[in-house]
Each structure stands twice: as C-alpha cells, then as structure tokens.
Amino acid sequence: MSMQFPIPGLPSVEAEEPSQKRRRPSRDELLAGLNEPQRQAVVHEGAPLLVVAGAGSGKTRVLTRRIAWLISERGAHPGSILAITFTNKAAAEMRERVEELVGGRARIMWVSTFHSACVRILRKESANLGFKSNFTIYDAADSKRLMTLVCRDLDLDVKRFQPRAILNWVSNAKNELQDHEEAAKDARNTQEETYAEAYRIYQERLRQANALDFDDLLMMTVHLFRAFPEVRENWRRRFRHVLVDEYQDTNHAQYALIHELCADSMEELTTAESGAERVPPAELMVVGDADQSIYAFRGANIRNIMDFEQDFPNAETVLLEQNYRSTQTILTAANSVIGHNEGRKPKKLWSDAGDGAKITGYVGDDERDEARFVAEEIDRLSDEGKARAKDVAVFYRTNAQSRVFEEVFIRVGMPYKVVGGVRFYERREVKDALAYLRTIANPADLVSLRRILNVPKRGIGERAEACIDAYATRERITFWEGLQQADQAPGIATRSLTMIRSFVELIEQLQSMVVAGERVDVILEQTLTRSGYLKELEESDDPQDETRVENLAELVAVAREFAEDPQVGPSADPADEPDPDAPPPGLTDFLERVALVADSDQIPDVPEGEDAPGVVTMMTLHTAKGLEFPIVFLTGLEDGVFPHMRSLGDKPELEEERRLAYVGLTRARERLYISRAIVRSAWGAPAHNPASRFIDELPVDLVDWKRTAAEQTSWTRQDLGGSSYGGGSLTGRGRQQMASRFSSASASADASKKAMAGRDVPSLDPGDRVQHDSFGLGTVISVEGAAEKAVASIDFGSEGVKRLLLRYAPVEKL
DNA sequence: ACTGTTATATTTTTT
DNA sequence: ATATAACAGT
C-alpha cells in the first residue's frame with residue numbers, strides 16, 4: 001500500500017541510516033504467537049480502533065507488532081507514526097522493540113509521552129505563540145514558587161489562598177483548556193474570582209519568564225492547532241498513524257489533542273477557505289482499560305475511553321481478555337475486587353497458566369512488624385530458591401510508607417531500591433544545579449534565577465534583590481536585564497553592586513560556553529566549580545552535604561552520558577532535522593530531558609538471565625502501573641491508608657482506589673502477598689486501623705492467612721513491658737510509641753486526644769455551629785472517623801461545604 | 001547579611 | 001516526625 005500524501009519535512013529514511021540493515025520481517029513473523037483479537041488489532045485498517053486491553057493481555061505486544069506491521073506491510077513511513085505512551089521508559093522500550101522487528105529506520109518514529117510530543121511541537125512552532133523556542137519547563141515545585149510570588153503580589157491572605165490550592169484550580173482549568181478569561185467567566189464565587197485573577201498574573205509571569213508549566217504544554221498545543229488551522233494541517237499531514245497507550249488516563253486536553261489530529265470534525269468542512277488541502281484523519285488506535293484508570297485526581301477522564309465509540313463515529317472495538325501474566329488465583333482475586341465497582345463494562349479476564357499458589361495474608365502488630373514479615377518472607381523464598389530479590393516488588397499507597405520498609409530492610413541487609421519518592425531531580429542540590437543551567441539557557445527564567453542568585457551566599461541579599469526588582473519593574477525589563485544594569489538602579493549599596501557584577505559576569509561567561517558549543521557536562525562542571533557551589537558543600541561538615549556532592553557527581557555523569565549519546569534516552573528525537581537556529585543537541589535538550597522524567601523512568605533495567613539476586617523494588621501503586629513482577633507484596637491494606645482516608649466519603653474516589661487495588665493485584669505473576677498492620681504511626685501519632693474493605697472483597701478461600709488479627713498481642717497493661725514484642729530490644733523511642741499506642745487503642749477518645757496530639761480536637765456532632773478562621777460561621781453536616789482522624793463536613797454557607805480534618809482545621813465549637 | 005531558633009504545615013497518588 | 005517558613009538576634 002502506498003502513501004496517499006507526500007510528507008513534507010521528513011528526512012529520507014535511507015539517507016539517514018545508510019549502515020542500518022533495512023529489515024523486512026515476514027508476515028508470519030509479525031503475527032506469530034498472537035491470539036485472534038490481538039491479530040485483528042494488529043492488522044486493522046481504516047476506522048478508529050479501541051483496544052480494550054485487560055491487565056496482562058499483551059497490549060504492548062499488540063502496539064509494537066502493529067507499528068511494525070504498518071511500516072513493513074502497509075508501507076507507512078516511520079516518520080508518519082506517532083505513538084503516545086505513559087512514560088518515557090515505556091516509549092524507549094517500545095521504540096526498541098519495533099527496531100528489533102523492522103530495523104533502524106524505526107528510530108525516526110515519534111514515540112513519546114504526550115508532554116514530550118507537545119514540547120517538540122511547541123519548540124518548532126513557538127514563534128506562532130509568541131515565545132522563544134528555548135523556553136523553560138516548570139515542574140510542580142517551580143510552579144508553586146511562582147504562584148507564591150503571585151500571591152505576594154496580590155497581597156493575598158495565604159491562610160485563605162494557598163498557592164497549592166490555587167495551582168490545583170488553575171491546573172484543572174488548563175486541563176479543560178480554559179485560559180484565565182474563560183476561567184474567570186466560570187468563577188462561581190469571590191474566591192474563584194480571586195483564583196482567576198491569580199491565574200492571569202501567574203500566566204503573565206510565566207510568559208515573562210519564557211516558561212511553560214506541565215499543563216501549558218498540552219493546552220498550548222491544542223490552542224496552537226485551533227488558532228492556526230494551517231499549522232494543524234501540517235501536523236496532520238505528517239502523522240498518518242496515531243497510537244495511544246493508557247487511553248483511560250487521558251485528560252480533556254489530551255483528548256482534544258488527539259481529536260485535532262485524528263477526528264474528521266465538522267469544523268474541518270468549513271476550513272476549506274484557508275486554502276489548505278483537507279487532510280483526511282490519521283488512522284487512530286487507542287489502547288486502554290477503564291478498570292485501570294487511576295489518575296482522575298490529575299484530570300484524567302474515564303469518560304474518554306467509555307465514550308470512545310461515540311466520540312469517533314464508525315469506531316470499532318477489540319477486546320483482549322486472555323491474560324498471559326498471572327495465575328488464575330491472582331486473576332480471580334482481582335476480578336472479584338474490581339467487580340464491586342458499579343457501572344463498569346463487565347470483563348472476564350482468564351488465564352490458562354493454572355491456579356498457582358494461594359494468596360498469602362499477614363496481619364502485623366504494627367507497620368514495623370509488617371515490614372519484618374515481608375523481609376523474612378523474601379529471605380525464605382530466596383533460601384528455598386523460589387525467587388530472587390529482583391523478582392520481588394513491594395507496593396504501598398503513599399510514598400511515606402516506604403520508610404519503615406527501608407529501615408527494616410537496611411537492618412536485615414536486604415538489598416532494595418525505592419522508585420520515586422523524593423525524586424533525584426527534586427533534591428535541593430540537583431534543583432540548584434539545574435536552576436543554574438536554566439538561568440544560563442534562559443535568563444528570563446525568574447524562578448530559577450532568583451533561586452541561585454544568592455546560592456551559595458555571595459552577598460546579594462533581600463535588599464539588593466528588591467532594588468533590582470523595583471528597577472526592572474519600573475523600566476519594564478526582565479529581572480536579569482535589571483541585574484545587568486545594576487549600576488543604574490537606585491539605592492543599591494556599592495558592596496552589593498560589586499557582588500552583582502561578578503555574578504552577572506559568571507553567568508555571561510557560562511553562557512559564552514554554550515554559544516561556543518561546549519558540552520553539557522563540561523558546562524555543568526564549570527558552573528558548579530566557578531559558582532563556588534561545590535566548594536561550599538565540600539567544605540561543609542554537615543554529613544548530608546557529602547551525599548549532596550555525590551548526587552551532583554551523579555548529575556554530571558548523567559549530563560556526560562547525554563552529551564556523548566543524546567540518541568538514547570527518552571526525549572531524543574532523531575527525526576528532527578538539525579535546526580540551524582538552535583544550538584546543537586545541548587543545554588535546552590538536556591534540561592527538557594530532565595524536566596519530563598517520570599518516576600517509573602528511574603526503574604533500573606534488570607539484566608535478564610543474570611544470576612545476581614538483584615534488589616527488591618519498592619514503589620507506590622501508581623508507579624507500579626504497567627509493570628509486572630513474579631512476586632508482589634501489597635502492603636498497608638487498611639481502611640484509611642488504602643483506600644486512602646480522603647476517598648472514604650466519596651464514591652467515585654473510592655472506586656478509583658479500588659481500581660488502584662486492581663492494578664496492584666494484577667501486577668503479580670506467580671505469588672501475591674497481602675498485608676496490613678493493626679496499629680500504624682502516621683504524623684508521629686499512632687492510629688488503630690481497621691482492615692481494608694478490599695480485603696473483604698477477596699474470595700475467602702483464596703487467601704491463606706499466616707497470621708490474623710485474632711492472633712495479635714492483646715493490648716493489656718502487662719504487655720507493655722515488651723515481652724510479647726519479639727526480641728525485646730526496644731529503643732527508648734519505641735517504648736514511648738508503645739505507651740502512646742496504648743492510650744490510643746484503649747483509652748477514651750477524650751483522653752487520647754490530649755495525650756497524643758497535644759491539641760484540642762473538638763468533638764462535633766451534626767447540627768453543631770462552628771467558627772472557622774477563614775471560612776467563618778458554619779454548620780456541621782456530618783462527622784466521620786474519631787479522635788485525630790475525625791473528618792467533618794461543614795456547611796459554610798456562601799463558602800460552600802468543606803470537608804475538614806479536625807486535627808488540623810482551625811475550627812472552634814460554639 | 002547571616003545564623004540559629006521556633007512555629008507551622010505536611011501526606012494521597014504524578015506528567 | 002520532618003521540612004520548610006518566619007522570626008529574632010548577632
């Protein structure tokens with residue numbers, strides 16, 4: 001089959017890869033080992049296709065084979081393929097697998113996350129939108145910092161207007177593709193009007209900084225396509241085949257993007273006058289599983305997958321129900337849990353792998369005991385030759401839960417690796433270093449510039465900063481330009497001026513290295529040395545700073561790797577023809593790469609077939625999506641932990657938690673463990689948690705309980721001596737915790753409040769009138785939970801109904 | 001301008 | 001319990 005349209009701007013495949021073999025796999029090879037629905041999905045032509053892919057049903061295989069099929073059998077140009085994955089790692093893997101099938105020409109496909117794809121498009125089209133192509137990408141922390149500045153500008157009461165909350169609101173608006181004006185129109189009360197105003201200023205500041213936040217990447221791209229039909233037509237002409245993985249986790253902006261590229265919309269009929277030839281829609285295939293939608297909290301809309309057939313008329317659906325991953329026992333358990341969600345399309349995952357082992361359950365005294373059980377069990381499995389450390393994953397609901405496991409694993413010498421959590425790129429020293437690089441690449445980037453202005457301390461204090469700020473605002477120039485002309489600014493001390501001059505000179509020198517085409521790693525090293533940043537850390541006697549130096553060395557290593565081979569790695573784009581305006585694969589590309597890494601991108605590749613036992617992998621359930629392990633420990637199965645407390649009162653949220661449980665359960669191939677703790681300390685205070693409702697949703701006969709609640713230590717006074725507590729080697733801290741646990745578990749609610757929280761948690765009943773520091777007068781509607789976990793729904797009249805955690809909320813009973 | 005103290009929020013989940 | 005922010009003191 002030949003291409004219907006010429007594709008402008010695509011490099012010639014042959015010219016690009018003279019040395020690469022142009023592999024041409026046989027049809028049989030491409031279809032080998034596929035079941036019937038899988039085969040259908042691979043060879044499908046024409047209408048939009050939805051592949052409903054249950055957990056472990058081989059969807060990655062379908063995606064890669066289909067891409068190979070498109071190239072090899074249907075003559076599609078690799079450059080005309082756009083495949084969207086959820087993480088960069090998944091993208092790299094997919095590219096690699098397709099390459100194995102059809103050879104190096106596959107490298108010029110676009111396989112990336114939504115965000116990376118948008119960045120690439122925006123870098124090319126930035127002129128249309130009025131910013132420079134070297135724009136900086138702000139992560140959550142940067143955005144928060146900027147929003148904090150905005151709040152200060154607006155003189156907002158930070159108690160009532162928390163930057164986080166505003167940012168959430170703005171993020172939602174952006175996901176719905178609303179700019180600040182539309183968002184302002186939709187504002188329903190004065191608070192939201194203020195939010196919209198903050199949105200306006202925030203956006204203005206972003207523009208001044210030549211920066212975009214995560215949500216902008218998506219929204220701007222859609223706006224670009226809508227505002228410039230001819231630009232959109234160009235991209236439509238380029239991408240003839242679009243494939244989207246994890247479609248159930250797309251938000252409205254992502255949906256709209258796909259729609260712009262792939263839908264044969266009515267609007268299109270009327271754009272004929274633009275002169276552009278109408279481009280027929282690209283062939284679209286989306287893959288997903290509504291039961292694995294777990295990102296509603298960041299705007300994902302499960303409706304996108306449920307309504308696919310309505311959104312894309314003529315769409316066809318293929319169901320993949322055979323599971324190739326897990327034992328039937330595991331699947332039955334997962335099916336049983338997810339079956340408790342309402343309004344889902346029934347799906348019956350099955351496996352012919354046999355029943356396998358029963359699920360093992362364990363109820364620990366506390367989270368430490370639970371962790372000890374996990375460690376011992378892994379030890380036992382490896383002694384018996386049933387598994388190695390690298391076959392095992394430990395999942396939990398929140399990052400904070402990793403701590404106990406780390407402590408226990410360190411003590412018993414179990415090697416492990418935590419994925420996510422305090423991410424490498426979020427560590428202070430790494431962020432500082434990156435802020436330097438970002439300032440060098442884009443000195444308009446205010447957040448980065450201010451971050452490093454006086455780090456390390458160089459005598460440019462608050463006062464000097466304020467003077468420059470005032471001067472820059474007055475002269476309508478950027479803060480950086482203000483620094484460059486510091487001698488013009490009134491009110492600056494001579495001493496500060498000298499310091500500013502040398503800072504400006506430092507940055508300018510480093511910039512000249514970029515212009516000279518110096519390598520990223522060299523620039524980074526020079527930055528750290530010349531700024532004195534490294535020296536300060538090395539001379540410090542804080543033991544933490546030693547690790548910081550190591551982390552920076554690690555960052556330099558990452559940069560070196562990138563400089564030597566920018567092709568490998570998530571956001572490399574070999575399809576891009578060299579752009580004469582932009583510096584060679586350099587600073588901007590490097591910064592983009594590190595800005596868009598996902599947690600799961602950090603998972604180390606396990607060399608297959610190696611004898612080494614490797615390490616146990618620990619991560620949150622969210623990070624676990626898309627992965628699989630022979631042995632899985634699903635921990636912290638307690639109401640309030642998992643399902644998370646904040647979801648308990650809300651059905652849709654609870655159903656999302658249940659989907660999360662489904663995701664967790666279906667990661668296991670052979671053996672599944674579930675565990676919980678009777679008592680768990682959070683926020684320094686112990687809490688007595690009931691079993692997770694998800695445990696009750698498992699078929700009883702599938703779980704073999706190694707230890708149950710009935711076998712727990714009974715909490716009587718003499719037990720506090722510690723004799724029942726394992727080795728009896730309690731630390732002073734442990735003793736204290738036990739003492740307070742006692743009071744939490746058996747003392748009256750009133751006494752326990754005072755004893756552990758040291759703060760009055762008002763005991764409220766429905767109907768009570770209360771006073772809140774910022775919401776004013778309210779009436780209690782309902783109260784859930786007790787003591788320090790009590791959550792009350794309170795009607796504040798014009799302020800709306802709020803759900804407040806009484807332990808923190810500044811409410812007073814009247 | 002810097003340092004050390006104390007008060008306060010922080011914990012869902014993430015591109 | 002820990003991390004950051006605000007504050008006061010040198």
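Treat the numbers as computed from the prediction; the structure is a model and nothing was measured.
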Main-chain N/O of A/Asn175 paired with A/Asp215 side-chain donor or acceptor, under 3.5 Å: no

A/Met645 CE - B/dT10 C1' separation (whole Å): 13 Å

Side-chain N,O (A/Asn399) to OP1/OP2 (B/dT13) below 4.0 Å: yes

Atom-to-atom span, CD of A/Glu407 to P of C/dT2 - whole angstrom: 9 Å

B/dT14 phosphate, OP1 or OP2, under 4.0 Å from A/Thr620 side-chain N/O: yes

Nearest-neighbour nucleotide for the A/Thr113 side chain, B/dT13, B/dT11, B/dT15 considered: B/dT15

Sugar-phosphate only, base, or nothing, as touched by A/Arg495 at under 4.0 Å among non-hydrogen atoms: nothing

Under 4.0 angstrom between A/Arg298 side-chain N/O and B/dT14 OP1 or OP2: no

Touch class at under 4.0 angstrom, heavy-atom based, for A/Asn454 against every strand present: sugar-phosphate

Donor on one side chain, acceptor on other, A/Gln203 and A/Asp216, under 3.5 Å: yes

Spacing of A/Leu217 atom CG relative to B/dT14 atom C1', expressed in whole Å: 14 Å

Any A/Thr623 side-chain nitrogen or oxygen under 4.0 Å from OP1 or OP2 of B/dT14: yes

Residue pair A/Phe694, A/His340: steps toward the ring pair (Phe, Tyr, Trp, His ring centres under 6.0 Å) verdict: CA-CA 9 Å; A/Phe694 301 150; A/His340 285 78; 9.0 Å; no

A/Thr398 side-chain proximity, nearest of B/dT15, B/dT13, B/dT11: B/dT13

C1' gap between C/dT4 and B/dT13, integer Å: 22 Å

Short side-chain donor-acceptor distance under 3.5 Å, A/Tyr255 and A/Asn301: no

Short side-chain N/O contact to C/dA5 OP1/OP2 from A/Arg145, under 4.0 Å: no

Protein-nucleotide distance (A/Leu149, atom CG; C/dA5, atom P), rounded to Å: 12 Å

Nearest-Å distance for atom pair NE2/C1', residues A/His115 and B/dT14: 9 Å

Among B/dC2, B/dT12, B/dA1, the one nearest A/Ser496 by side-chain distance: B/dA1

Between C/dA1 (P) and A/Gln401 (CD): distance, integer Å: 18 Å

Nearest-angstrom distance from the residue atom CG of A/Leu122 to P of B/dT15: 19 Å

First of A/Lys457 and A/Glu656 reached from the 5' end of DNA chain B, by closest nucleotide: A/Lys457

Donor on one side chain, acceptor on other, A/Asp213 and A/Ser143, under 3.5 Å: no

Proximity to the side chain of A/Arg463 - top-ranked nucleotide from B/dA1, B/dC2, B/dT13: B/dA1

Sugar-phosphate only, base, or nothing, as touched by A/Tyr295 at under 4.0 Å among non-hydrogen atoms: sugar-phosphate

A/Phe642/A/Phe395 under ring pair (Phe, Tyr, Trp, His ring centres under 6.0 Å): CA gap, chis, key distance, verdict: CA-CA 11 Å; A/Phe642 185 35; A/Phe395 299 154; over 10 Å; no

Under 5.5 Å and under 30°: A/Phe297 stacked on B/dT14: no

Separation of B/dT13 P from A/Arg658 CZ (nearest whole Å): 21 Å

B/dA1 phosphate, OP1 or OP2, under 4.0 Å from A/Arg458 side-chain N/O: no

